Amino acid sequence: LPVIRIQYGCGQGTVHIPVEDADGEDIIKCRWAQESNQECGEVCQRLSENSLDRLQCTLNVESAGVGTYIVALQIEDFSSVGSSDTPYSSVPLQFAIDVYSSSQQCAELPQIFSSQSDRSRVFIMTNSTWTQKIVATSSNGSRISEIITASPSGLRKSNLTQIGNSSQWYINVSWTPSNTQLGPHIFCYAAVDRLQ
């Protein structure tokens with residue numbers, strides 16, 4: 001499972017879950033996986049009910065105590081016409097959140113700078129190459145140790161490189177989608193420093 005680390009008491013407890021509807025016409029919602037539907041095994045709803053914003057697909061763990069929490073969600077898409085409670089599809093998502101205590105001062109999360117805004121859409125023709133430079137900086141003086149990605153098959157990522165003697169580090173990514181990769185793909189990235 002992927003692990004999201006959050007320092008307790010530092011105001012970093014909102015987790016944005018990246019969701020996307022392929023044609024942009026449906027309403028996407030997140031909900032807790034339910035044991036009665038056999039969706040989550042023994043990890044059903046370990047956080048409080050009101051910590052999940054179903055419409056924004058965000059999870060607030062500020063009130064959670066120190067510990068590791070397994071999160072089991074269902075991502076569902078609904079018709080934007082009418083008021084049906086029956087989703088077109090329901091996809092499971094599970095990950096872990098490690099809320100840790102530290103005697104160190106609250107660390108600011110590394111910042112990302114790129115030519116694409118958060119949740120933007122990029123249209124790429126098959127057999128043409130898309131490139132992007134992703135720059136990260138750590139305001140607390142820590143070295144960026146990695147820019148992690150969740151990316152479509154075939155995406156290439158360069159080695160992490162420091163920009164001069166600055167606190168900025170970058171990677172270049174490129175992707176040439178093939179004819180078998182028609183349709184939407186999600187590309188997510190985040191910077192990790194030695195404290196996170």
Side-chain angles (χ1 to χ4, degrees), residues 1-6 14-34 37-40 43 51-61 70-97 109-136 144 146-160 169-192 196:
L1 290 176
V3 178
I4 297 170
R5 298 193 73 225
I6 297 171
T14 300
V15 177
H16 299 274
I17 299 155
V19 295
E20 180 75 26
D21 176 53
D23 58 15
E25 295 180 5
D26 298 335
I27 297 170
I28 306 294
K29 296 180 184 178
C30 297
R31 67 169 174 82
W32 293 108
Q34 297 174 359
N37 295 345
Q38 298 180 338
E39 296 170 331
C40 49
V43 296
S51 61
L52 177 66
D53 183 327
R54 294 188 57 182
L55 294 176
Q56 296 299 316
C57 287
T58 57
L59 189 60
N60 187 323
V61 294
I70 306 300
V71 177
L73 301 174
Q74 293 294 125
I75 314 299
E76 299 177 324
D77 63 329
F78 297 85
S79 172
S80 59
V81 179
S83 59
S84 173
D85 288 337
T86 305
Y88 290 135
S89 63
S90 185
V91 177
L93 174 66
Q94 295 182 358
F95 56 94
I97 296 176
L109 297 174
Q111 299 296 306
I112 289 277
F113 305 96
S114 94
S115 58
Q116 303 297 321
S117 61
D118 192 25
R119 297 183 183 229
S120 64
R121 291 180 184 216
V122 177
F123 296 93
I124 308 165
M125 300 295 292
T126 57
N127 299 313
S128 64
T129 301
W130 169 80
T131 61
Q132 181 175 351
K133 182 177 189 176
I134 301 169
V135 178
I144 298 295
E146 183 179 11
I147 297 177
I148 56 175
T149 62
S151 43
S153 177
L155 184 129
R156 294 176 183 249
K157 179 170 87 168
S158 71
N159 290 330
L160 185 66
W169 297 76
Y170 75 93
I171 60 170
N172 289 311
V173 294
S174 64
W175 184 47
T176 306
S178 67
N179 290 332
T180 61
Q181 293 179 304
L182 292 174
H185 297 269
I186 293 180
F187 175 47
C188 300
Y189 45 86
V192 178
Q196 301 302 318

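It should be emphasised that the depicted structure is a prediction, and the values quoted were computed from it without experimental measurement. Numbers for residues simply follow the sequence, beginning at 1.
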Check: Nearest heavy-atom pair of Y88 and F78: which atoms, and what distance?
Finding: CE1-C, 4.0 Å
Checklist line | Distance (rounded to the nearest 0.5 Å) between C40 SG and Q74 CD | finding: 8.0 Å
Next item on the list: Could you grab the distance from atom CD of E146 to atom CG of N159, nearest 0.5 Å is fine?
Entry: 11.5 Å
Next item on the list: Check for a donor-acceptor pair, side chain of Q181 on one end and backbone N or O of S153 on the other, with a separation under 3.5 Å.
Entry: yes
Note to self: Whether the side chain of R156 engages the backbone of V173 through a donor-acceptor N/O pair (distance < 3.5 Å, no angle test) should be reported.
What the structure shows: no
Checklist line | Spatial distance of atom CD1 (I171) from atom CD1 (I147) [nearest 0.5 Å] | finding: 4.5 Å
Note to self: What's the separation between atom CG in L160 and atom CD1 in I148, rounded to the nearest 0.5 Å?
What the structure shows: 12.5 Å
Item checked: 4.5 Å side-chain heavy-atom contact, I4 and V71 -> no
Next item on the list: Determine, step by step, whether D53 and N60 satisfy the side-chain contact (heavy atoms from CB on, under 4.5 Å) criterion, reporting the C-alpha distance in whole Å, the side-chain angles of both residues, the deciding distance to 0.1 Å, and the verdict.
Entry: CA-CA 8 Å; D53 183 327; N60 187 323; over 6 Å; no
Next item on the list: Begin with the C-alpha distance, continue with both residues' side-chain angles, and end with the deciding distance and a verdict on side-chain hydrogen bond (donor to acceptor under 3.5 Å, both in side chains) for T176 and T129.
Entry: CA-CA 4 Å; T176 306; T129 301; 2.6 Å; yes
Next item on the list: With D77 as reference, evaluate D26, I27, V91 under the side chain to side chain contact (heavy atoms under 4.5 Å, CB included) test and give the passing residue.
Entry: D26
Next item on the list: Please tell me if the side chains of W175 and S151 come closer than 4.5 Å, counting only heavy atoms from C-beta onward.
Entry: no
Next item on the list: Provide the full list of salt bridge (Lys or Arg N to Asp or Glu O under 4.0 Å) pairs with a residue in residues 170-188, sequence neighbours left out, each pair given once.
Entry: none
Notebook entry, point to check: Atom CD1 of I17 and atom CG of L73: how far apart are they, to the nearest 0.5 Å?
Noted result: 5.0 Å
Margin query: Assess the residue pair Y189 and K157 against the criterion (side-chain contact (heavy atoms from CB on, under 4.5 Å)); give the C-alpha distance rounded to whole Å, side-chain angles, the decisive distance to 0.1 Å, and a yes or no.
Written below: CA-CA 11 Å; Y189 45 86; K157 179 170 87 168; over 6 Å; no
Margin query: Determine whether a donor-acceptor pair (N or O, by modelled atom type, separation under 3.5 Å) exists between the side chain of K29 and the backbone of P87.
Written below: no
Next item on the list: Write down the atom of S128, the atom of M125, and the distance for their closest heavy-atom approach.
Entry: OG-O, 2.6 Å
Notebook entry, point to check: Passes side-chain contact (heavy atoms from CB on, under 4.5 Å), W169 versus V135? Steps please.
Noted result: CA-CA 6 Å; W169 297 76; V135 178; over 6 Å; no
Note to self: Please check: side-chain N/O of S51 versus main-chain N/O of V61, any donor-acceptor pairing under 3.5 Å?
What the structure shows: no
Notebook entry, point to check: Between T131 and N172, is a side-chain contact (heavy atoms from CB on, under 4.5 Å) present by the stated rule, with each step listed?
Noted result: CA-CA 7 Å; T131 61; N172 289 311; over 6 Å; no
Checklist line | Test side-chain hydrogen bond (donor to acceptor under 3.5 Å, both in side chains) applied to E39 and Q94, R31, Q34, the passing residue | finding: R31
Note to self: What I'd like to find out is whether the side chain of L59 reaches to under 4.5 Å of the side chain of F95, using heavy atoms alone.
What the structure shows: yes
Item checked: Spacing of SG belonging to C30 relative to CG belonging to L55, to within rounding of 0.5 Å -> 9.5 Å
Check: Where is the tightest heavy-atom contact between A191 and I144, given as atom of each residue plus distance?
Finding: CB-CD1, 4.3 Å
